[in-house]
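These figures come from a predicted structure and were not determined experimentally. Atoms within each ligand, like the ligands themselves, are counted from 1 in listed order.
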Amino acid sequence: MDSIVLLALIALLVVAISWLWDYTVVRLIWSPYRTTKEFREKLGFHGPAYKFLKVNNEEISSMKEEADSLVLDVHDHDYFPKIAPHYLKWRAQYVILLALSMCPPGCNYLPTERNRRKWMLEKKLRNTLIQIIQLRLSSKDGEYGNDLLGLMLDACASDKQGEVSLSMDEIIDECKTFFFAGHETTSLLLTWTVFLLSVYPEWQERLRNEVFRECGRDQYPDANSLSKLKEITMVLLETLRLYNPAVFIQRKPITDIKVGSLKIPAGLAVYIPVPIMHRDKQIWGADADEFNPLRFQNGATRAAKIPHALLSTSQNFAMLEAKAVMAVMLHRFCFVVSPGYVHAPMDLITLKPKFGLPVKKIVVE
Ligand code: HEM
């Protein structure tokens, strides 16, 4: 018995040591230095020196702090120097090589202030969702509601004669995905669209006329009329181009790959800067920095020199949702940004107006 315990302990120790070796030595030391060296020596690309654990976070924070005080004119849509100054500075000097902030193995389990807050928020969110789900499951008429959660519960119940076939954890995960991936992104798309339509009132008027023409003055838009609102779609796409809620898209190849002449090793995180890609004059034309929804008059794939130039176009669901809300707003209100608005887009995982977007609205007669 004792020898089995001893063997199990030795096996555990070997697993722990090899995991620690892989995480600390390979991932945090060997890999970043080897990749930097390979890029420098084989491809001639340089980058800011890699710093163990800290990576380049201190330099990034200080550059961001300095740029944070920049305020833009409302007609100036080039906010990238404000939200990612390090990217522009280092791009001009080198090809950027950053992995992100790293924490030593096991740090996610330590009761630090940050972790305790994270755990508290996770628990609160989970309990809130469990309460909502249980309330639905206990409904007397057996109806779970006609929203997404209701549909999920309904599908689970009908598959397994009353038994829920997705676990509670799976349903909670689905709710989190839809809420966090779907709510803030779409609401920011609407925020920036309201901003742009306030700055370009001629477009606001044009869209309002389209809503009246296609939906009628006395009727709210419905599924049928929404599909006819082409100019609103053009403006939403132009908003996604200039003020995409997603600032960076990340890719990590699972095997070594080549992009042009660049060899990217497996596991190296590549950050694709959406605002820069969306302002490339070679792809979008000389007016790439300007708000011009007409570029989308023949659809998203014909607006630029390459069909998929508009990254993160979001899904049809988000576009439909945004279109419906914009159509109702335009139908009922004229809006302008309040004189106190400060144009300071900031990158907080998504692109947000730093001081909010105060607007004045006037009811349309
Ligand atoms: C304007 C609205 C939206 C924008 C700009 C947006 C943007 C994005 C971006 C940039 C990604 C990462 C894509 C990639 O790495 O290739 C993503 C992923 C995702 N989004 Fe959205 N999104 C929007 C709306 C929504 C909505 C409404 C939902 C759900 C209701 C949603 C659910 C998801 C999910 C589940 C993923 C992960 C997909 C995966 O793992 O491959 N998004 N979105």
Side-chain angles (χ1 to χ4, degrees), residues 77 79-80 83-84 87 98-100 125 129 132-133 145-153 155 166 169-197 207 223 226 229 232-254 257 259 264 266-280 291 293 296 299-301 303-304 306-329 345-353 357:
H77 308 307
Y79 50 79
F80 203 69
I83 62 171
Y87 187 96
L98 307 171
L100 273 172
L125 178 68
L129 289 170
I132 297 172
I133 293 168
N146 63 356
D147 57 9
L148 186 80
L149 176 60
L151 290 176
M152 262 195 301
L153 293 173
L166 280 178
D169 279 342
E170 284 166 332
I171 293 184
I172 289 173
D173 282 347
E174 288 298 324
C175 293
K176 285 188 199 166
T177 302
F178 270 77
F179 188 75
F180 291 109
H183 175 77
E184 184 163 287
T185 42
T186 314
S187 84
L188 283 169
L189 167 61
L190 285 164
T191 303
W192 291 117
T193 308
V194 167
F195 163 72
L196 286 166
L197 289 180
L207 296 198
L226 276 182
L229 300 173
I232 294 195
T233 307
M234 282 156 48
V235 168
L236 289 172
L237 291 173
E238 183 67 340
T239 309
L240 282 172
R241 187 181 73 84
L242 287 173
Y243 290 88
N244 201 294
V247 179
F248 288 100
I249 295 177
Q250 188 190 341
R251 286 290 178 276
K252 244 186 212 179
I254 50 172
I257 56 163
V259 179
I264 301 180
L268 182 77
V270 178
Y271 283 80
I272 303 162
V274 177
I276 289 196
M277 308 294 277
H278 282 177
R279 283 166 180 74
D280 187 330
F291 174 74
F296 287 106
T301 52
I306 50 172
H308 300 294
L310 189 69
L311 306 168
S312 166
T313 44
S314 88
Q315 318 104 347
N316 291 342
F317 175 72
M319 284 301 275
L320 192 68
E321 207 181 1
K323 214 152 107 168
V325 175
M326 274 325 298
V328 173
M329 279 179 71
M346 72 184 298
D347 174 20
L348 258 182
I349 304 183
T350 45
L351 187 73
K352 298 187 175 70
L357 181 74

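- Of all the atoms in ligand 1, the ones that sit under 4.0 Å from a non-hydrogen atom of N244 are 5 (C).
- Set against the non-hydrogen atoms of I249, the atoms of ligand 1 under 4.0 Å away are 14 (C), 15 (O).
- Side-chain contact between L189 and L236 is present, with at least one heavy-atom pair separated by less than 4.5 Å.
- At a 4.0 Å heavy-atom cut-off, ligand 1 touches A181 through backbone and side chain alike.
- Side-chain contact check for F296 versus L240: every heavy-atom pair is 4.5 Å or farther apart.
- Within ligand 1, the atoms closer than 4.0 Å to a non-hydrogen atom of A318 are 2 (C), 24 (C), 27 (C), numbered from 1 in the order shown.
- Atom-to-atom distance recorded for T350:OG1 and Y243:OH is 15.0 Å, nearest 0.5 angstrom.
- Ligand-side atoms of ligand 1 in range of L189: 1 (C), range being under 4.0 angstrom from any heavy atom.
- When non-hydrogen atoms are compared, ligand 1 lies under 4.0 Å from neither the backbone nor the side chain of V274.
- Atoms of ligand 1 lying under 4.0 Å from at least one heavy atom of F178, given by number and element, are 29 (C), 30 (C).
- Interface atoms of ligand 1 facing A246, defined by a heavy-atom separation under 4.0 Å, are 10 (C).
- Counting heavy-atom neighbours within 6.0 Å of I254 CD1, excluding the residue itself, gives a total of 12 or less.
- Shown here is M346, whose CE atom has more than 12 heavy atoms of other residues, nucleotides or ligands within 6.0 Å.
- For I349, the CD1 atom counts as loosely surrounded, since its 6.0 Å shell holds 12 or fewer non-hydrogen atoms of other residues, nucleotides or ligands.
- Taking a cut-off of under 4.0 Å to the non-hydrogen atoms of T186, the atoms of ligand 1 that pass are 2 (C), 27 (C).
- Numbered from 1 in the order shown, with element, the atoms of ligand 1 that lie under 4.0 Å from a heavy atom of T177 read 35 (C).
- A pairwise comparison of heavy atoms in P253 and I264 identifies CG-CG2, 3.8 Å as the closest pair.
- Of the N or O atoms in R251, one or more lie within a sub-3.5 Å distance of an N or O in ligand 1.
- Surrounding CG of D147 are more than 12 heavy atoms belonging to other residues, nucleotides or ligands, all under 6.0 Å away.
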